[in-house]
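Below is a structure I'd like to ask you about.
Numbers for residues simply follow the sequence, beginning at 1.
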Amino acid sequence: MVIALRVGIGGALTQRHGHSDNTDDNVCALYIKDGIMKKLTFVMMCLLLAAGMTGCFGASSRGEYDNLQFSYTSGDGCLFGCAVDREILKGSSEVIAIKGTKQLPISHIHLVAPGIVDAKLNVGVQCCKRTTDANGTTSSCRESNENAACDGPGEEKRYNYTIGVEAKGAGSVKLQVIAKDDSVYDQITVSVRTDAKQSLFINNNSASKRDKTITLVKGHSYKLSPALVDENGTTIQASGYSCQFKLDNSDILHFGQLVNDNKTEVTQSLRGGLDLTTPTLFADALGTASLTMECAGLGQTDTYEIIVQKNLSTP
């Protein structure tokens with residue numbers, strides 16, 4: 001069985017598929033040569049890679065002129081894209097990807113009502129080609145720059161545009177994509193807020209202020225998913241922030257990370273992506289322990305009572 005996976009996270013990309021499609025619009029694509037268990041394997045691979053993030057193909061927002069698509073690629077859960085209807089917390093640094101035609105006529109970004117955010121257009125250039133053989137069509141790209149020619153056999157130049165956004169003050173602002181002829185090609189509105197509440201999910205268990213007691217099962221491991229939310233519980237883009245977790249009893253619970261062997265204290269960034277610092281909570285023994293959570297800059301500390309049982313129904 002041969003598997004080729006393409007993920008839109010930069011670098012040289014190669015995709016093999018059995019039919020012709022527009023690789024610019026594919027974010028997570030899978031081809032299994034033997035044709036065995038295609039759908040099941042596709043779902044499993046995407047779930048493993050996303051690890052609780054937005055699904056393989058993500059989400060985006062159409063521009064107001066319907067020429068382009070915009071999506072956050074920063075922030076927790078946005079590796080494959082989040083719609084740009086989320087507010088940004090002041091102090092955060094976010095990345096908005098732009099998708100449209102293969103070669104967009106973009107000159108620069110213009111801000112209507114500057115001072116709410118700083119925005120910078122970033123351009124990535126690739127030389128791409130397609131080849132076809134008995135196994136199907138292969139699309140491959142190599143990194144290039146705007147001044148270099150794509151002179152390889154069958155190559156064409158492709159542009160990848162992102163907007164770096166620094167949230168400076170409360171309010172809403174239009175990000176205008178300006179074409180080479182100085183016209184407004186498309187635009188999108190982003191909003192910045194100055195306050196947020198911290199929220200915690202342990203796998204699928206929501207830990208709210210109304211319920212500070214969470215039951216786990218001995219011998220199982222759980223992913224901690226902190227978020228900053230608004231008054232309605234909607235997630236806010238907060239890539240400039242991080243949350244610290246502490247345990248009072250490492251005999252009952254402990255943290256595990258690939259880059260940190262501290263069993264009772266971890267810090268998780270809210271920048272999202274494939275983050276090696278994402279902590280896992282292990283339920284080692286029966287009993288009760290306390291978990292505290294504090295996200296930097298909010299002045300809020302939450303304490304959760306974690307009860308470890310034999311199973312969820314029997315203490």
Side-chain angles (χ1 to χ4, degrees), residues 1-63 66-74 77-84 95-106 122-162 185-186 272-276:
M1 182 178 294
V2 177
I3 296 176
L5 181 65
R6 174 185 180 273
V7 181
I9 54 177
L13 305 177
T14 300
Q15 179 187 12
R16 182 174 291 279
H17 43 84
H19 63 281
S20 177
D21 58 7
N22 187 345
T23 56
D24 284 347
D25 295 332
N26 287 337
V27 178
C28 181
L30 185 69
Y31 170 74
I32 303 174
K33 183 177 180 180
D34 294 338
I36 301 173
M37 299 177 68
K38 281 187 177 181
K39 291 182 179 179
L40 179 59
T41 307
F42 176 79
V43 172
M44 290 177 65
M45 287 292 292
C46 285
L47 287 176
L48 287 172
L49 185 63
M53 303 174 195
T54 303
C56 277
F57 297 95
S60 63
S61 298
R62 300 293 304 186
D66 205 31
N67 288 324
L68 301 172
Q69 291 181 331
F70 300 83
S71 59
Y72 290 120
T73 57
S74 57
C78 295
L79 176 61
F80 300 116
C82 290
V84 187
V95 177
I96 298 175
I98 307 173
K99 291 188 69 66
T101 59
K102 292 181 180 179
Q103 184 171 336
L104 303 179
I106 294 178
N122 300 301
V123 183
V125 182
Q126 293 179 321
C127 294
C128 299
K129 66 178 180 179
R130 288 190 174 194
T131 56
T132 302
D133 56 25
N135 293 317
T137 300
T138 298
S139 300
S140 61
C141 296
R142 62 180 177 85
E143 298 300 321
S144 184
N145 61 72
E146 198 158 9
N147 297 321
C150 292
D151 51 8
E155 285 188 333
E156 64 177 1
K157 184 173 287 189
R158 295 184 183 175
Y159 293 80
N160 299 309
Y161 293 94
T162 61
Y185 189 68
D186 213 337
L274 296 176
D275 189 357
L276 298 180

How long is the straight-line distance from OG of S60 back to CZ of F80, given to the nearest 0.5 Å?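 One finds 14.5 Å between CZ of F80 and OG of S60.
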Any chance you could measure R142, atom CZ, to C150, atom SG, to the nearest 0.5 Å?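 These two atoms lie 5.5 Å from each other.
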To the closest 0.5 Å, what do you measure between CG (N145) and NZ (K157)? 7.0 Å
Reference residue I106; test side chain to side chain contact (heavy atoms under 4.5 Å, CB included); the match among I98, D186, V123: I98
Atom pair CG (L68) and OG (S61), whose distance is rounded to the nearest 0.5 Å: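 Those atoms lie 12.0 Å apart.
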Does Q69 reach the side chain of R62, with side-chain heavy atoms less than 4.5 Å apart?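 A side-chain contact exists here, since the closest heavy-atom pair is under 4.5 Å.
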Any side-chain heavy-atom pair from S140 and K129 closer than 4.5 angstrom?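 Yes, at least one pair of side-chain atoms sits under 4.5 Å.
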Distance (rounded to the nearest 0.5 Å) between R158 CZ and S139 OG: 6.5 Å
Distance-minimising heavy-atom pair for Y72 and V84: CE1-CA, 3.6 Å
Take Y161 and N122 through the side chain to side chain contact (heavy atoms under 4.5 Å, CB included) test and state the conclusion after the steps. CA-CA 6 Å; Y161 293 94; N122 300 301; over 6 Å; no
How about C127 and C141, are their SG atoms within less than 2.5 Å of each other? no
Backbone N or O of V95 within a donor-acceptor pair of the S74 side chain at under 3.5 Å? yes
